[in-house]
Asks: 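Dropping a structure here in structure tokens format, bear with me for questions.
Order of listing sets the numbers, starting from 1, for every ligand and every atom in it.
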Amino acid sequence: PGAGKGTQAQLICKRYDIPQISTGDMLRAAIREGTELGLKAKSVMESGGLVSDDLIIGLVKERLTQPDCVNGCLFDGFPRTKAQAEALDKLLKLKNAEIGVFLAMQVSEEELVKRLLNRGLTSGRSDDTNEMVIRSRITEYNSKTSSVADYYKQYNKVVMVPGEGCI
Ligand code: AMP
């Protein structure tokens, strides 16, 4: 959270003309629309936790049926757990497709907190305004998401990108 994945994802998608599949954006849309998924996700997101794997996998599965994904896509903020990564591999296999590259942006915790509090001034996201929630999101990342890189390392698909400093 706060590393700049959404910003970089937009640039990559524009360059390669592929859709950006952001599970965070899709969940926020579900909350706005008041769907059943949105109701289930709201409190978890507000507390800085991760939404359940089943809900996320269902969401991505449905999204991948849309025709704009035929030439590939970029997942932004997904998979965030090893279970999601395994489920995604299974899903892609059925479509004769696979992950090409896994990008992870590296930013120090203090910088993340600074960026997120700053973004909270204008983003309208309640999870960006409270430092406790921001710290919980980072703790969730460290305990559940950072190991997703290890999953893709076994297939030599990982590229670590420094997320601080000049371009
Ligand atoms: P993001 O916009 O990617 O920072 O995501 C915002 C919030 O949405 C996260 O803190 C999680 O609560 C939830 N979320 C987004 N993507 C996922 C995912 N792949 N797995 C579980 N929760 C997610």
Asks: Check Asp128 against Ile134 and note the closest heavy-atom contact, atom names and distance.
Replies: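 Of all heavy-atom pairs spanning Asp128 and Ile134, the closest is O-CD1, 3.5 Å.
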Asks: Could I get the full list of side-chain contact (heavy atoms from CB on, under 4.5 Å) partners for Cys13, not counting sequence neighbours?
Replies: Ile18, Gln20, Leu74
Asks: Do the side chains of Lys93 and Glu86 get close enough for a salt bridge, i.e. N-O under 4.0 angstrom?
Replies: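 Looking at Glu86 together with Lys93, the answer is no, because their closest N to O distance does not fall below 4.0 Å.
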Asks: Are side-chain N/O atoms of Asp89 and Tyr151 paired as donor and acceptor at under 3.5 Å?
Replies: yes
Asks: Tell me the closest heavy-atom pair linking Leu27 and Met45, and the distance in Å.
Replies: CB-SD, 3.6 Å
Asks: Under a 4.0 Å heavy-atom cut-off, which residues neighbour ligand 1?
Replies: Lys5, Thr23, Gly24, Leu27, Arg28, Met45, Gly49, Leu50, Val51, Ile56, Gly77, Phe78, Arg80, Gln84, Arg125, Arg137
Asks: I'd like to know if Glu109 pairs up with Arg135 as an ion pair, taking the criterion as any Lys NZ or Arg NE/NH1/NH2 lying under 4.0 Å from an Asp or Glu carboxylate oxygen.
Replies: yes
